[in-house]
Colleague: 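First the structure, which I've put down as structure tokens, then a few questions once you've had a look.
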Amino acid sequence: MAKKAYAGLDFEGKENDPLYKRRHSLAHILAQAVQKVRPGTRLGFGPPVENGFYYDFHFAEPISDEDFGAIEKEMRKIINEKQPFERREMTAAEAVAMLNEQGENLKAEYCQDLASRGESLSFYRNGPFEDMCAGPHVEHTGQIPADCFQLDSLAGAYWRGDEKREQLTRIYGLAFDTKAELKEFVRLREEAKKYDHRKLGKELEIFMISDHVGPGLPLWMPNGTVLRDELENLAKEWEFADGYQRVATPHVTDGKLFETSGHLAHYKEGMFPAMVVDENREYYLKPMNCPFHHLIFGNRPRSYREMPIRLAEYGQVYRYEGSGSLAGLLRVRGMCMNDAHIYCTPEQLKDEFTKVLDLHKRYYEMFRLSHFWMRLSTHTPERLGDKYVNMPEDWIKSEAVIKGILDEIGIDYQIGEDEAAFYGPKVDFQVRNVVGREETASTNQLDFAVPARFNLTYVGTDGQEHVPYCIHRAPLGTHERFLAFLIEHFKGAFPTWMAPRQVVVVPVHVENFGDYAQKVAQELFKLGFRAEADLGSDSFNKKIRNAATSKTPNIFIVGEREQEQQEVTWRRYCVKEQQTVPLARALECLKQARSRRVMDNFADVEVLGLV
RNA sequence: GCCGUUUUAGCUCAGGGGUAGAGCAACUCACUCGUAAUGAGUAGGUCCGGGGUUCGAAUCCCCGAAGCGGCUCCA
């Protein structure tokens, strides 16, 4: 069931899909229009993509999205002209000569490469425009509805994805089957902005990023810290049950540690620069926890009898991410990993790796993340000794083991060729949440190289020393990314067990029922709930509104009847109906919801039925 | 890091060469209300930072920072 990955998109077998063809043809139409509006513009690539198409251009003069109107107008004109697409083939020499004569040096270069690989070159012409292209296309431009596309955005993009090459200007366009679908896509995208974790994180006071500290270094506010703590408690419980032991290690270290591990050789530019102190020792902020765990494992001789050894840590790490790639909590420079390293024997590898993948599934199912798939990142033999450790047999063997496990588990997976870590293959989990954000939630690696560098061994049944395998695993990835993802998935409304404020008690009238409200809040507080009575001077309606806009999962309303009967009227954030129940029962239900980690932020989940 | 773009009160935003405006939030007073905004008042700004042009810059120009959309990278 392995699929070939196409840069995050799966176009396999879609070339003949009519929408794919229209998007592809629209890219050509865009290029034709741009060259009309801006003569002398050179062409890069212009493929169809998930929601439309793009084309990369090299402009003589900078362009802005204010030019979109003119370009779109030209595109619609081309569509009106019903230009037929005509395919022709050329020899490489002819094509290169023609492209060079046209001044299309980028295309000519690519053409050269294809020709040297002996590939045949096809060209598509429509109207005055011709582009080297594998096709297929619509028969004529009139087959594209003029109201089903729009130009979307402008972006920089390197020629052939290489940052050392020319920076081109990419124009993105959206295109769908119908105008309604286009409008719906734009609407949903706007809607999703309301749930962006950066917006909700600010509104709900979850985290802040201050320029006084620096970009990519989030400060977790009280509400956000509750979320982290709850997540951490969950992980601790599950890891305890799975036989993990917790460890804690420093944020800085002598750089020799990362020389030994190989990280300094492979990822130095991704680390904060060294601090030189005492006797010119170079200290680094740690970008990874593994070498520390390796030292703990290697602290004394180990026997096969105590394997596997599973060392877990919520470890804070620091990576110098490029300034342009920072994004809210999704890409930061200081982050806390749900990290662990499992040291095991070759015989235990399959079992341990399977358990790790199963743990992922448990988390995703629990958080109702139903759209996830795996990506197996493998090595390429040509880059052994350079990007990858030169241990060809271990690569082949371990990739086969992991493939076997993935096929057995039966979750969809893609192969990411040439994307492994330097010390072994990776298995990433890719997740999509309810607002459509797609992220790598966690990356897990098999490591058959670094333990040996730390001289890690265990004594086997044969009395000989063996080097253990190491599984790096982080099912919740980092606090930062995972919570960013959850904030959006939950649209800011957390289940009772996680919610920063779990219950707010609202009296109908403060003077008359304020004392009872306070008593209810006290009861909740005694049970360890994060609860509060709203005794302020706002109107009753305003208090309900405040409780709702703060996305507090439970509102307890108390008035005359509730006070007399020792009841509360329970209104859940996500549910329209409310119910009046005895206080004792409400407390018991909440306790259950908390201890069972019920996902009561979803409307279909019942809470009152828990007792 | 690269390309494009944005930055005005705690928040969301309007304005624009003659030294700033709204709503919400905050604070004060009155109101005490049965299911999503009670009313009145008060206070609040180095218009991102630095330089330049100008009689005068928040507004125009240059440099920088940060945010956003992409690209590159992502142990």
Side-chain angles (χ1 to χ4, degrees), chain A residues 54 56-59 62-66 152-172 189 193 196 198-199 202-203 205 208-212 214-216 258 261-271 286-291 317 319-328 330-333 335 337 339 377 387 419-424 426 428 440 443 445 447 450 472 474 481 506-514 535-550 555 557-562 569 571 573 576-578 580:
Chain A
Y54 70 76
D56 288 343
F57 301 102
H58 184 78
F59 287 101
I63 190 168
S64 92
D65 55 15
E66 284 167 23
D152 191 38
S153 61
L154 219 55
Y158 297 110
W159 168 235
R160 304 184 78 172
D162 184 346
E163 64 177 328
K164 293 184 190 72
R165 300 297 308 269
E166 301 80 334
Q167 173 102 41
L168 307 179
T169 302
R170 178 172 297 179
I171 297 179
Y172 279 99
R189 193 167 63 173
K193 274 191 199 158
D196 188 299
R198 289 165 290 203
K199 185 171 158 63
K202 188 184 274 185
E203 284 170 9
E205 298 194 334
M208 56 185 274
I209 293 175
S210 166
D211 211 30
H212 294 290
F258 285 106
S261 70
H263 287 95
L264 264 174
H266 281 91
Y267 302 111
K268 185 165 191 189
E269 68 296 337
M271 290 167 68
K286 67 169 168 181
M288 285 298 284
N289 300 302
C290 20
V317 299
R319 297 178 182 181
Y320 186 76
E321 301 284 0
S323 58
S325 53
L326 299 173
L330 290 168
R331 197 71 180 276
V332 289
R333 287 177 170 168
M335 69 211 95
M337 294 180 76
D339 211 359
S377 297
K387 184 176 177 185
E419 286 176 11
F422 72 85
Y423 46 69
K426 291 197 295 186
D428 294 344
T440 301
T443 116
Q445 294 109 32
D447 182 350
V450 181
H472 305 238
R481 179 171 290 190
V506 178
V508 169
H509 184 291
V510 174
E511 264 175 51
N512 298 339
F513 316 116
L535 304 177
S537 63
D538 287 327
S539 68
F540 178 63
N541 278 338
K542 186 63 186 294
K543 287 179 182 178
I544 298 281
R545 182 182 159 81
N546 285 344
T549 51
S550 67
I555 308 175
I557 293 150
V558 296
E560 189 169 2
R561 171 177 166 192
E562 290 84 355
T569 292
R571 179 172 153 151
Y573 175 76
K576 291 205 171 60
E577 308 81 49
Q578 60 181 15
T580 303

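By convention in this document, chain letters (A, B, ...) are assigned in the order of the sequence lines, proteins followed by strands, and residues within each chain are numbered from 1.
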Colleague: Using the C1' atom as the reference point in each nucleotide, state the distance between B:C13 and B:G1 in Å, no decimals.
Modeller: 33 Å
Colleague: For the P atoms, the ones on B:C61 and on B:C27, what distance do you get once it is rounded to whole angstrom?
Modeller: 42 Å
Colleague: Does B:U38 have OP1 or OP2 sitting under 4.0 Å from an N or O in the side chain of A:Ser539?
Modeller: yes
Colleague: Please state the P separation for the pair B:C47 and B:G41 - nearest whole angstrom.
Modeller: 28 Å
Colleague: Any donor-acceptor pair, under 3.5 Å, between the side chain of A:Arg331 and the base of B:C73, if you only look at N and O atoms?
Modeller: yes
Colleague: Output all residues satisfying side-chain contact (heavy atoms from CB on, under 4.5 Å) with A:Thr443, sequence neighbours left out; order by chain, then residue number.
Modeller: A:Lys426, A:Asp428, A:Thr440, A:Gln445
Colleague: Calculate the interatomic distance between A:Glu269 atom CD and B:U72 atom P; express it in whole Å.
Modeller: 16 Å
Colleague: Can you figure out which of B:G67, B:A36, B:G34 approaches the side chain of A:Pro215 most closely?
Modeller: B:G67
Colleague: Could you tell me whether A:His266 and A:Tyr423 have their ring centroids closer than 6.0 angstrom?
Modeller: no
Colleague: Which residues satisfy the salt bridge (Lys or Arg N to Asp or Glu O under 4.0 Å) test with A:Arg331, sequence neighbours excluded?
Modeller: A:Glu321
Colleague: Looking for any heavy atom pair under 4.0 Å, which part of the strands does A:Glu205 touch: base, sugar-phosphate only, or nothing?
Modeller: nothing
Colleague: Distance between the C1' atoms of B:A37 and B:G23, in whole angstroms?
Modeller: 12 Å
Colleague: I need a per-nucleotide contact map over nucleotides 2-15 of chain B, read 5' to 3'. Cutoff is protein heavy atoms under 4.0 Å; write B for the base, S for backbone only, - otherwise.
Modeller: BB-------SS---
Colleague: Under 4.0 angstrom, heavy atoms only, what part of the nucleic acid is A:Gly262 near: base, sugar-phosphate, or nothing?
Modeller: nothing
Colleague: Answer yes if the ring centres of A:Tyr267 and A:Phe258 are under 6.0 angstrom apart, and no otherwise.
Modeller: no
Colleague: Select base, sugar-phosphate, or nothing to describe what A:Gly328 touches, counting heavy atoms under 4.0 Å on all strands.
Modeller: sugar-phosphate
Colleague: Out of B:A37, B:A75, B:G34, which nucleotide sits closest to the side chain of A:Thr569?
Modeller: B:G34
Colleague: Enumerate all atom pairs, one protein N or O and one N or O from nucleotides 22-24 of chain B, separated by less than 3.5 Å.
Modeller:
none

Colleague: Indicate, with a heavy-atom threshold strictly under 4.0 Å, whether A:Lys426 touches base, sugar-phosphate, or nothing.
Modeller: sugar-phosphate
Colleague: Counting the atoms with a prime plus P, OP1 and OP2 as sugar-phosphate, which does A:Tyr423 contact under 4.0 Å by heavy atoms, base, sugar-phosphate, or nothing?
Modeller: sugar-phosphate
Colleague: What distance, rounded to whole Å, do you find between the two C1' atoms, one in B:C29 and one in B:A43?
Modeller: 15 Å
Colleague: At 4.0 Å (heavy atoms only), tell me whether A:Arg571 reaches a base, stays on the sugar-phosphate, or touches nothing.
Modeller: base
Colleague: Could you give the distance from CD (A:Gln167) to CG (A:Asp162), rounded to the nearest 0.5 Å?
Modeller: 11.5 Å
Colleague: For A:Val332, which residues count as a side-chain contact (heavy atoms from CB on, under 4.5 Å) partner, sequence neighbours excluded?
Modeller: A:Pro218, A:Met335, A:Glu480
Colleague: Could you give the distance separating B:G56 and B:C24 at their C1' atoms, to the nearest angstrom?
Modeller: 35 Å
Colleague: Between atom OH of A:Tyr573 and atom OG of A:Ser550, what is the distance when rounded to the nearest 0.5 Å?
Modeller: 8.5 Å
Colleague: From C-beta outward on A:Glu321, which listed nucleotide comes closest to its side chain: B:C73, B:A65, B:G34?
Modeller: B:C73
Colleague: Taking both distances under 3.5 Å as the test for a Watson-Crick or G-U pair, what stems of at least three pairs does RNA chain B have?
Modeller: B:1-7 with B:65-71, B:10-13 with B:21-24, B:26-30 with B:38-42, B:48-52 with B:60-64
Colleague: Contact class for A:Thr440 (heavy atom, under 4.0 Å): base, sugar-phosphate, or nothing?
Modeller: nothing
Colleague: Please report the distance separating the P of B:A40 from the corresponding atom of B:U19, rounded so that it comes out in whole Å.
Modeller: 30 Å
Colleague: Would you mind classifying the nucleic acid contact of A:Glu560 as base, sugar-phosphate or nothing, using non-hydrogen atoms under 4.0 angstrom?
Modeller: base
Colleague: Report yes if a side-chain nitrogen or oxygen of A:Arg198 is closer than 4.0 Å to either non-bridging phosphate oxygen (OP1 or OP2) of B:C68; otherwise report no.
Modeller: yes
Colleague: Say you pick atom C1' in B:A58 and the same atom in B:C74; how far apart are they, in whole Å?
Modeller: 40 Å
Colleague: Of the candidate nucleotides B:A75, B:G69, B:C74, which contains the atom at the shortest distance from the side chain of A:His263?
Modeller: B:A75
Colleague: Between atom CZ of A:Arg561 and atom OG1 of A:Thr569, what is the distance when rounded to the nearest 0.5 Å?
Modeller: 6.5 Å
Colleague: Taking the six-membered ring of A:Phe57 (Phe, Tyr or Trp), confirm whether the NZ or CZ of A:Arg170 is under 6.0 Å from its centre and within 45° of its axis.
Modeller: no
Colleague: Between B:U35, B:A75, B:C73, which one does the side chain of A:Pro287 approach most closely?
Modeller: B:A75
Colleague: Where the side chain of A:Glu163 is concerned, which of B:U72, B:G70, B:A75 is the nearest nucleotide?
Modeller: B:U72
